[in-house]
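Read through the structure below, which is laid out as structure tokens, and then see the notes.
Worth knowing before you read on, the calculation uses all heavy atoms, side chains too, and leaves out hydrogens, waters and symmetry mates. Read the numbers this way: they start at 1 and go in the same order the structure lists the ligands and their atoms.
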Amino acid sequence: MRLILMGPPGAGKGTQATRVADHFGIPAISTGDIFRANVSQGTPLGLEAKTYMDAGDYVPDEVTNKMVRNRIDEPDAEPGFLLDGYPRTPAQVEELDGMIRFTGHKLDAAVVLTVDADELVARLLQRAETEGRADDTEDVIRRRQEVYAEQTHPLIELYRSRGICVEVDGMGTVDEVTKRIFEALDIVDES
Ligand code: AMP
């Protein structure tokens with residue numbers, strides 16, 4: 001199973017990614033988590049990424065693509081993977097297509113979580129209190145939503161045109177959303 005999970009910041013991608021990946025026995029690969037781990041360890045990659053992350057901007061494609069390529073080459077991703085927060089730009093889509101083609105596999109589905117704009121902000125402000133992420137301040141939250149709308153939202157149409165886009169209502173409890181994702185993926189499996 002090769003999946004991507006898309007949706008605006010605050011849509012609940014991270015929480016759902018782990019659940020879906022566990023179900024399929026594949027790793028959930030979150031580019032945001034990998035960047036944050038590098039920032040906290042002070043690696044050269046972390047130092048490079050930090051300025052962009054703190055501003056709510058995307059880390060340059062060359063840096064992000066190389067990181068994902070290395071991660072996907074790990075043995076645990078051989079049976080499949082779920083990408084959380086990648087691809088987010090046309091250049092990343094192209095790179096991912098190349099990586100998957102190279103292994104002779106295909107992308108099974110692009111799951112898109114949809115959540116009301118007001119609910120997104122409420123969730124991120126709530127997360128700011130519990131997790132204390134550096135990029136969960138009001139200004140940076142706004143910037144991240146803008147960047148998503150400009151650069152990533154248009155990619156949904158692209159996956160829709162490929163017939164692999166699975167849109168799931170991300171409102172409600174974590175369990176409700178997980179159930180909807182599983183139901184939607186079963187439909188994809190049967191098609
Ligand atoms: P996330 O945890 O997915 O919200 O990502 C946090 C931050 O990491 C983003 O605001 C970006 O600065 C950076 N980031 C994560 N994934 C990507 C990506 N695919 N392309 C570029 N930057 C990314």
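Among residues at least two apart or in separate chains, side-chain hydrogen bond (donor to acceptor under 3.5 Å, both in side chains) pairs with a member in residues 73-85 are R71-D76.
With sequence neighbours excluded, no residue satisfies ring-ring contact (aromatic ring centres under 6.0 Å, His included) with H105.
Cluster partners of V140, using a side-chain heavy-atom cutoff of under 4.5 Å among ILVMFWY residues and allowing indirect links: none.
Using a 30° and 60° split on the angle between ring planes, H153 and Y148 fall in the perpendicular class, above 60°.
Side-chain atoms of Q92 do not come within 3.5 Å of backbone N or O of N65 as any donor-acceptor pair.
The shortest distance between side-chain heavy atoms of E62 and K66 does not fall below 4.5 Å.
Within 4.0 Å of ligand 1, counting heavy atoms only, the contacting residues are T31, G32, F35, R36, M53, D57, Y58, V59, T64, G85, Y86, R88, Q92, R133, D135, R144.
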